Amino acid sequence: MTFELPNLPYAYDALEPYIDATTMEIHYTKHHAGYTAKFNAALEGTEYENKDILRIMQNIENLEGENVDAIRNNGGGYYNHNLFWENMTPNGNEMSEFFTKKLIEEFGGVNIFKNMFEKAAATRFGSGRAWLVKDMDGELTVISTPNQDNPLARGQIPLLTLDIREHAYYLKYQNKRPEYISNRWNVVNWEEVEARYNG
Ligand code: MN
């Protein structure tokens with residue numbers, strides 16, 4: 001195996017009541033593990049085997065060969081889920097004064113930013129993700145992407161992601177996607193998000 005499923009940084013029930021233990025367990029052991037296995041299988045025997053994950057994601061539009069779609073979908077699934085878990089921590093933590101100021105400067109306010117992010121997530125048709133990203137010039141932007149696409153392919157650095165595929169919330173929230181989206185703020189690991197910004 002080239003890429004390994006990383007350990008979850010907390011227990012399955014650690015994000016309760018916002019994300020339930022059963023959803024976490026299935027999401028991690030079935031979906032994320034599935035993407036990881038399929039990503040490795042798709043890479044096998046190609047020139048992209050043993051390449052750095054960031055380089056693969058950044059160059060995803062330029063890959064060649066019959067496995068390109070499988071690498072794109074499963075590689076994105078592998079990388080994006082790693083990020084999604086790392087972006088969260090039980091009960092969340094505080095945004096720093098620095099980052100609060102940065103969000104006010106970029107979006108006009110923390111709640112304005114949150115509303116933009118929620119809207120990006122709620123209006124993404126079908127499956128995909130909402131993101132807070134850092135552009136090449138250092139500015140912050142809210143975007144959404146379909147399926148398992150990743151902003152690295154657009155030259156942006158992903159800071160915060162929200163998985164809005166139904167497998168991420170349907171057991172607990174069913175059709176209430178907006179409730180899942182707004183509840184997720186309770187478990188955001190801002191220290192980790194900011195480390196990505198500063199990195
Ligand atoms: Mn997912």
Side-chain angles (χ1 to χ4, degrees), residues 1-43 53-54 56-57 60 68-90 92 114 117-133 142-154 156-189 192-193 196:
M1 295 272 281
T2 312
F3 292 103
E4 286 184 18
L5 184 67
N7 289 326
L8 257 194
Y10 33 74
Y12 296 135
D13 65 356
L15 306 179
E16 294 262 14
Y18 311 109
I19 299 180
D20 63 285
T22 307
T23 296
M24 279 298 300
E25 182 169 1
I26 295 171
H27 202 169
Y28 173 71
T29 64
K30 305 296 182 195
H31 296 281
H32 194 189
Y35 288 122
T36 306
K38 287 178 189 164
F39 182 37
N40 284 318
L43 288 171
I53 184 77
L54 286 177
I56 295 174
M57 294 292 107
I60 209 84
V68 165
D69 287 344
I71 292 172
R72 180 186 187 125
N73 293 328
N74 295 297
Y78 171 73
Y79 183 86
N80 294 341
H81 284 89
N82 290 352
L83 192 74
F84 183 52
W85 310 136
E86 290 166 7
N87 275 170
M88 297 188 286
T89 193
K114 285 185 175 177
F117 190 96
E118 290 185 23
K119 193 176 174 197
T123 57
R124 161 57 52 191
F125 186 77
S127 76
R129 284 166 183 272
W131 304 86
L132 173 66
V133 301
V142 169
I143 62 165
S144 82
T145 54
N147 306 315
Q148 293 297 355
D149 285 359
N150 182 292
L152 287 164
R154 310 170 176 210
Q156 297 168 318
I157 297 165
L159 305 180
L160 174 68
T161 187
L162 178 62
D163 188 344
I164 47 176
R165 210 176 181 102
E166 283 185 347
H167 69 217
Y169 65 88
Y170 207 83
L171 287 177
K172 181 179 172 70
Y173 293 95
Q174 291 89 43
N175 60 313
K176 293 172 284 195
R177 188 197 266 191
E179 202 175 307
Y180 159 69
I181 293 169
S182 58
N183 274 350
R184 210 290 288 263
W185 296 118
N186 294 297
V187 290
V188 171
N189 187 346
E192 200 270 342
V193 172
R196 290 180 185 279

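Not measured: the values here are computed from a predicted model. Counting starts at 1 for both ligands and their atoms, in listed order.
Listed by chain and number, the residues in a side-chain contact (heavy atoms from CB on, under 4.5 Å) with Asn87 are Leu83, Leu160, Thr161, Glu192, Val193, Arg196 (sequence neighbours excluded).
Residue pairs meeting the salt bridge (charged side-chain N to carboxylate O under 4.0 Å, His left out) criterion with at least one member in residues 160-169, sequence neighbours excluded, are Arg129-Asp163. Applying the salt bridge (charged side-chain N to carboxylate O under 4.0 Å, His left out) test to residues at least two apart or on different chains, none of the pairs has a partner in residues 13-38.
Between the side chains of Asn183 and Tyr173, at least one donor-acceptor pair of N or O atoms lies under 3.5 Å.
When the shell of 6.0 Å around NZ of Lys114 is examined, it contains more than 12 heavy atoms from other residues, nucleotides or ligands.
A distance-only check finds a donor-acceptor pair linking the side chain of Tyr78 to the backbone of Glu4 [under 3.5 Å].
Panel detail: the Mn ion (ligand 1) has protein N, O or S atoms under 2.8 Å away, 4 in number.
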